[in-house]
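Notes follow once the structure below has been shown.
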Amino acid sequence: MTESTYHTLDAAGIRSLISGVPVVAGRLGGTPDLWRVHEVSDGNLNNVFIVGGPTGEVCLKQSLPYVRVDPTWKMPLDRTYFESEWLRAVRPLVGGLTTEFLHFDPVLHVLIVESLSGHTVYRSALMRGVDWPDVAPRIGTFIAHATFGTSLLALPFEDVFAARRDFARNVTLTRITLDLVFDHPYRDHPRNNWDEPELTPLVLDIRSSAPTLLAVENLRRRFLSQPQALLHGDLHTGSIMTKADDTRVIDGEFALYGPIGFDCGMFVGNLVLHYFATPDATARSATIRDIAAFWTCFHAQFLTLWNRDEAPPAGTLRPLAYGPAAHTAQLAFLEEIEADTMGFAAAEVIRRIIGYAHTADFDVIADPRQRGACRAGALAFAYYILDHTAQIRTLGDFLRHLGEQEKVGL
Ligand code: SR1
Ligand code: MG
């Protein structure tokens, strides 16, 4: 007998749930006793399983009433609902750049999607030293299509307002971002941590720099008050599954309406972390190339979508001006996204080094002194970007300064 209230699923529970969902059971093939259930939980928040049968495989994710890596941190269960809604909204816009939605169970808070066999987490691939130059531009394409297509540039305002209302309820995970990215790193908080004593003077400098703190306040305000498009909300390199010829953005549970530069900045910030954790100058150059290719691709695709010839859907905002002045206005909007991208990237680097939820990038460096020096290099770079918000005006400036850090920490 299946329970009709929430409970965490084990292998038997998963077989029982799936046997009642024809679209998933049909994909697996055979009978439930033939289905293999394999736990692959890896992220901070949820249980994740791969379920395989004679004819196919699926990925099942279940929210827990707490943070998976810290059961004392209690949490409501609604995050898989928001991930399902995000997936349903963006999949038609980005096609094969995310996973296929298969099923959502609102009682068990379970989301089932296509399983990605042969893909690897992008962060792990980068740490292994692979050089796949097509991945970053694919993320540029993903963000351009997902954000343009959910914005007022592509939809009637009534649809955008309805979607904003829905995602505005994703308050638990938005609160996590607000606290962990924009607040805790800038004061003493028990969730902050760093092992390397050489980081402490830098942390104290960051916390006492008025330009830096004002830049973070501005980013925080923009994060909450610029609902430009539906964002992924946590687009770090661990939210990307890839192989050389196929890339998917996963894990949209932090989805919210916000500034487009937030998704761009999360991605760029995680490439910056990889840059400082990379052991050689050639690989560092490849990361600079990837960030540039990401931005070029995002910029070009966003403009192409904005200027495409086909008539916009009825009810969308009709352009009032055409010609060079209108084009200049479009470029100004993209410059605003560019400024946001650099700021959010820097904030992401800082929180991943001194706040909660560090990333694994630096684990590839065996020598603790060198690891500390590389982390300090990343932290100093992010500090410089925020402290010089008025001077670092383009991603070209940002990358030039990053290139000058070629030997930092090594
Ligand atoms: C308690 S959640 C900590 C972090 O993990 C997620 O991936 C987000 O990045 C969040 O900030
Ligand atoms: Mg995640």
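Whatever order the structure lists ligands and atoms in, that order sets their numbers, starting from 1.
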Could you label the plane-to-plane angle of the F302 and F148 rings as parallel, tilted or perpendicular, counting under 30° as parallel and over 60° as perpendicular?
-> perpendicular
With a cut-off of 4.0 Å, which atoms of ligand 1 are near a heavy atom of D234?
-> 6 (C), 7 (O), 8 (C), 9 (O)
Heavy-atom distance under 4.5 Å between the side chains of D397 and T394, does that happen here?
-> yes
Which atoms of ligand 1 sit under 4.0 Å from any heavy atom of W73?
-> 1 (C)
Give the atoms of ligand 1, by number and element, whose distance to some non-hydrogen atom of R352 is under 4.0 Å.
-> 9 (O)
Which atoms of ligand 1 have any heavy atom of F254 under 4.0 Å away?
-> 6 (C), 8 (C), 10 (C)
Atoms of ligand 1 less than 4.0 Å from L180 heavy atoms?
-> 3 (C), 11 (O)
Atom 11 (O) of ligand 1: which protein heavy atom is closest, and how many Å away?
-> R351 NH2, 2.7 Å
Would you mind running through ligand 1 and noting each atom that sits below 4.0 Å from a heavy atom of H236?
-> 7 (O)
SB check D367 R371 (cutoff 4.0 Å) | no
What protein heavy atom sits nearest atom 4 (C) of ligand 1, and how far away is it?
-> N44 ND2, 3.5 Å
Sub-4.5 Å side-chain heavy-atom contact between I337 and D340 = no
Short side-chain to backbone donor-acceptor contact, N47 and Q62, under 3.5 Å | no
Would you please say whether a donor-acceptor pair under 3.5 Å links the side chains of N270 and E348?
-> yes
